[in-house]
Amino acid sequence: MTLAGTNTWLLRAPGQTGVVVVDPGPDDPVHLAAVAAAGPVELILLTHGHADHSGGAVALHRHTGAPVRALDCAHRLGDEGLTAGDVIARPGFELRVLPTPGHTADSLSFLLTGDDAGAHDARTDAAGPDHTGTGTDRGRAALAGRPAVLTGDTILGQGSTVVAHPDGRLGDYLDSLRLLQELGETTVLPGHGPELPAAGTAARHYLAHRHARLAQVRAALAEAGVAPAQADAAAVVRQVYADTDRALWPAAELSVRAQLAYLREHPTLP
């Protein structure tokens with residue numbers, strides 16, 4: 001479910017030493033030591049609270065003293081949280097907080113702008129709670145003044161994400177994709193997978209995929225002769241996700257439950 005692992009983004013402008021860490025990843029000592037060694041770490045930001053993104057935040061905070069800022073107060077370490085519209089200014093670059101709920105209620109994205117910000121991606125294999133890997137450095141992206149958006153799990157570098165019902169809501173997720181679509185040619189720095197060249201293109205693809213899945217769910221309900229409120233989510237998964245690896249069916253069922261909730265709330269929408 002994490003593709004090749006969770007991306008930990010280290011942000012700094014050329015000529016600067018301190019870094020801002022976005023999503024330290026799971027509590028993997030080797031990976032976190034590599035992140036700390038790239039510092040000094042001045043600030044830790046979370047796109048959302050899932051453990052493959054936030055699990056290492058406490059250990060990295062203890063090691064570096066850097067505060068942890070997040071939308072959900074349960075994941076904050078320090079006096080400040082994050083809210084939509086906040087601007088985090090650092091020498092040479094800024095991060096603007098974008099509200100992008102849907103994958104989870106606390107999901108945020110960060111719009112990165114600056115004169116020549118560098119984004120260094122340290123990846124850790126976060127395939128599951130019993131396997132957190134060793135932490136591997138994947139390289140550096142020099143943005144050369146071009147904006148980028150760090151999307152966490154709202155847009156991935158490949159494939160589609162889970163709307164994690166009941167915390168995640170499909171209506172919110174569609175609104176978040178429409179917001180990201182407005183960013184046009186902005187580079188996407190995702191929480192999993194490789195960078196993408198254009199947020200607008202990626203968001204349009206995701207919107208089309210979600211609407212296609214909704215159409216498939218509607219067709220499955222019509223064939224079974226049941227309303228969304230009476231539908232068996234597991235049965236819908238077996239029909240709609242028949243060509244998907246069964247190892248992903250539990251995640252698909254979370255998305256189907258979110259789709260069914262959306263259809264209950266929006267029975268007349270196309």
Side-chain angles (χ1 to χ4, degrees), residues 1-11 19-28 31-32 34-35 43-57 60 68-72 75 82 88 95-112 119-129 131-133 135-141 143 147-164 167-168 172-173 176-177 179-180 183 186-199 202-203 205-206 209-210 248 251 254-255:
M1 287 182 62
T2 63
L3 303 178
T6 299
N7 294 335
T8 289
W9 292 99
L10 312 180
L11 309 177
V19 298
V20 174
V21 176
V22 179
D23 288 347
D27 190 5
D28 176 350
H31 175 70
L32 295 176
V35 171
L43 180 63
I44 302 164
L45 304 176
L46 301 180
T47 61
H48 63 297
H50 279 170
D52 59 314
H53 294 257
S54 69
L60 189 61
V68 179
R69 296 182 63 181
L71 178 62
D72 186 344
H75 297 289
L82 291 171
I88 300 160
L95 290 166
R96 182 176 298 275
V97 180
L98 304 179
T100 51
H103 170 67
T104 61
D106 68 333
S107 287
L108 300 170
S109 296
F110 301 107
L111 181 61
L112 171 64
H120 171 167
D121 171 15
R123 173 175 292 177
T124 182
D125 182 352
H131 180 60
T132 54
T136 55
D137 181 358
R138 201 173 60 134
R140 182 181 303 270
L143 299 177
V149 61
L150 295 97
T151 55
D153 284 355
T154 301
I155 291 179
L156 306 181
Q158 63 189 70
S160 61
T161 195
V162 174
V163 178
D167 183 47
D172 291 342
Y173 186 62
S176 295
L177 292 176
L179 174 65
L180 294 172
L183 297 181
T186 301
T187 300
V188 176
L189 306 179
H192 304 278
E195 305 90 63
L196 299 175
H205 173 78
Y206 269 53
H209 172 74
R210 290 293 165 179
L248 299 177
L254 293 177
S255 285

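Note: hydrogens, waters and symmetry copies are ignored here, and every other heavy atom, side chains too, is used.
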Between [Y] and [X], is there a side-chain heavy-atom distance shorter than 4.5 Å?
| X | Y | answer |
| --- | --- | --- |
| H192 | T6 | yes |
| I88 | L82 | yes |
| S176 | P99 | no |
| P24 | I44 | yes |
| F110 | L98 | no |

As an exercise, state the distance from [atom1] of [X] to [atom2] of [Y], rounded to the nearest 0.5 Å.
| X | Y | atom1 | atom2 | result |
| --- | --- | --- | --- | --- |
| S255 | H103 | OG | NE2 | 9.5 Å |
| D106 | H50 | CG | NE2 | 7.5 Å |
| L189 | W9 | CG | CH2 | 4.5 Å |
| T187 | E195 | OG1 | CD | 8.5 Å |

(request) In sequence, state the C-alpha distance, the side-chain angles, and the governing distance for L32 and D27, and then conclude on side chain to side chain contact (heavy atoms under 4.5 Å, CB included). (result) CA-CA 7 Å; L32 295 176; D27 190 5; 3.6 Å; yes
What is the minimum heavy-atom distance between [X] and [Y], and which atoms define it?
| X | Y | result |
| --- | --- | --- |
| V162 | R210 | N-NH2, 4.3 Å |
| D153 | T161 | O-OG1, 2.8 Å |
| P190 | T151 | CA-OG1, 3.5 Å |
| L180 | A203 | C-CB, 4.1 Å |
| S109 | T100 | OG-OG1, 3.0 Å |

Which of parallel (below 30°), tilted (30 to 60°) and perpendicular (above 60°) describes [X] and [Y]?
| X | Y | answer |
| --- | --- | --- |
| Y206 | Y173 | tilted |
| H53 | H48 | tilted |
| H209 | H205 | parallel |

(message) Among T47, N7, T8, which residue satisfies the side chain to side chain donor-acceptor pair (under 3.5 Å) criterion with D23?
(response) T47
(message) If the condition is side-chain contact (heavy atoms from CB on, under 4.5 Å), which residues does L196 pass it with, not counting sequence neighbours?
(response) I155, V188, A202
(request) For the pair T104 and D72, evaluate side chain to side chain contact (heavy atoms under 4.5 Å, CB included) and give the outcome as yes or no after the intermediate values. (result) CA-CA 11 Å; T104 61; D72 186 344; over 6 Å; no
